[in-house]
Amino acid sequence: MRFQKIVVLTGAGLSAESGLGTFRDKGGLWEEFDLEAVATPEGFARDPARVHDFYNLRRQRLGTAKPNAAHVALARLEREHKGHVLTVTQNVDPLHEAAGSKNLIHMHGELGRVLCAACGASVAWVCDLSTATACTACGKAGAMRPDVVWFGESPRDMDRIYEALLVSDLFISIGTSGSVYPAAGFVAEARAAGAHTIELNLEPSEGASLFAEAHYGPATKIVPSYVERLLRA
Ligand code: BJW
């Protein structure tokens with residue numbers, strides 16, 4: 001294969017066909033919920049119960065979701081590609097790992113984990129959270145929050161991501177609108193490193209002109225066929 005060091009960035013569009021809503025499409029989560037109220041530290045400080053309701057609902061919706069053909073194809077790419085593949089997801093769902101991806105970074109955190117603001121413990125969590133929930137590590141009640149990254153907070157593992165982008169020779173962006181930074185800036189980092197850049201999305205994203213190559217359509221169609229071609233090349 002022509003490419004040895006691949007970085008894949010995924011967004012909500014990848015999980016759309018698994019029944020999980022995107023954020024900014026018609027009918028997306030930001031039409032139903034106020035972003036400032038539910039996805040910022042300030043919104044959480046003002047009304048934690050409202051934020052817990054939003055994430056409890058998201059956790060419940062996750063219940064029956066299964067990985068789709070696009071998640072499965074990306075796990076296959078990691079397994080069968082002779083070089084290095086790092087998948088960086090903005091998604092908080094667990095569908096990449098359910099499909100078998102192992103070299104994976106959840107840069108915006110995970111819906112299936114909660115964080116104690118008092119002691120810093122992050123623990124796996126499947127139930128609802130409330131303002132009264134006690135931390136299973138330190139016992140303090142009322143300091144638990146979803147272990148996700150809100151606007152104004154630092155995304156996770158950024159050093160590892162930038163290191164991978166710096167040596168990448170192929171960057172693939174899938175199912176993301178390219179409207180949230182720092183993820184929206186990864187294509188420029190990869191280009192600067194000399195990588196070939198590809199967008200796979202339902203429609204051109206905000207940063208579409210930055211990509212050297214693009215294929216548009218539903219992820220469950222275009223991702224498996226692209227991975228197949230890549231592995232045969
Ligand atoms: C399909 C499909 C199908 C549909 N098949 N495709 C001014 C300028 C620049 C930056 C800033 C600025 N002001 C503030 C900032 C920074 C800010 C930011 O970017 N704001 C923008 C609004 C401008 N960013 C931050 O605050 C971030 N932190 C930060 O920058 O810290 C500083 C720092 C930087 C670097 C190192 C260290 C520190 C944090 C951002 C946190 C984002 N959080 C959320 C919520 C997470 C938890 C949760 O899930 O609730 O993350 S917001 C939401 O947006 C979520 C997503 O991960 C993220 C991206 O959304 P995504 O995935 O792109 O979804 P959509 O809906 O936008 O797009 C879906 C796409 O799929 C569409 O294109 C469809 O066409 C497509 N699609 N169906 C294929 N079947």
Side-chain angles (χ1 to χ4, degrees), residues 8-44 50-59 61-62 65 68-71 73-74 88-96 105-115 129 145-163 165 172-189 198-208 211 214-226:
V8 181
L9 171 70
T10 68
L14 189 81
S15 296
E17 292 163 86
S18 292
L20 301 178
T22 62
F23 293 93
R24 295 167 186 83
D25 293 311
K26 199 168 166 7
L29 283 166
W30 296 155
E31 269 186 7
E32 203 182 336
F33 299 92
D34 175 10
L35 179 161
E36 295 288 335
V38 300
T40 63
E42 295 78 14
F44 185 61
R50 183 173 178 181
V51 176
H52 285 317
D53 286 349
F54 174 64
Y55 283 97
N56 289 341
L57 181 74
R58 300 267 306 281
R59 223 176 278 112
R61 286 181 182 174
L62 210 56
N68 63 46
H71 297 100
L74 291 175
V88 179
T89 188
Q90 299 170 86
N91 299 342
V92 295
D93 66 58
L95 300 185
H96 277 297
I105 293 176
H106 275 281
M107 67 176 287
H108 289 166
E110 294 175 64
L111 202 47
R113 301 190 71 81
V114 294
L115 188 63
L129 260 191
R145 56 161 283 181
D147 195 356
V148 300
V149 178
W150 290 323
F151 285 103
E153 297 184 322
S154 291
R156 310 281 156 77
D157 281 332
M158 290 308 298
D159 288 350
R160 222 180 119 203
I161 296 171
Y162 284 128
E163 276 165 25
L165 288 168
I172 313 172
S173 172
I174 309 174
T176 175
S177 59
S179 51
V180 175
Y181 287 84
F186 290 172
V187 58
E189 301 282 338
I198 301 189
E199 168 160 279
L200 303 177
N201 208 45
L202 196 57
E203 58 194 14
S205 71
E206 286 191 19
F211 290 86
H215 302 276
Y216 297 114
T220 55
K221 295 255 180 323
I222 58 175
V223 177
S225 62
Y226 180 75

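Since we're looking at a predicted model, the values are computed, not measured. Counting convention: from 1, in listed order, for ligands and their atoms alike.
Here L115 pairs with S122, R145, D147 under the side-chain contact (heavy atoms from CB on, under 4.5 Å) rule; sequence neighbours left out. For E31, there are no salt bridge (Lys or Arg N to Asp or Glu O under 4.0 Å) partners at least two apart in sequence or on another chain. Applying the side-chain contact (heavy atoms from CB on, under 4.5 Å) rule to A188 yields no partners; only residues at least two apart in sequence or on another chain are considered.
Of the residues R61, R24, R58, the one that meets the salt bridge (charged side-chain N to carboxylate O under 4.0 Å, His left out) test with E32 is R61.
Residues with a heavy atom under 4.0 Å from ligand 1: G11, A12, G13, A16, E17, T22, F23, R24, D25, W30, Y55, R58, Q90, V92, H108, V148, V149, W150, F151, G152, E153, S154, P155, M158, G175, T176, S177, S179, V180, Y181, P182, N201, L202, E203, G217, P218, A219.
Of all heavy-atom pairs spanning V92 and V148, the tightest one is CG1-CG1, 3.9 Å.
Between W30 and F23, the angle of the ring planes lies from 30° to 60°, which puts this pair in the tilted group.
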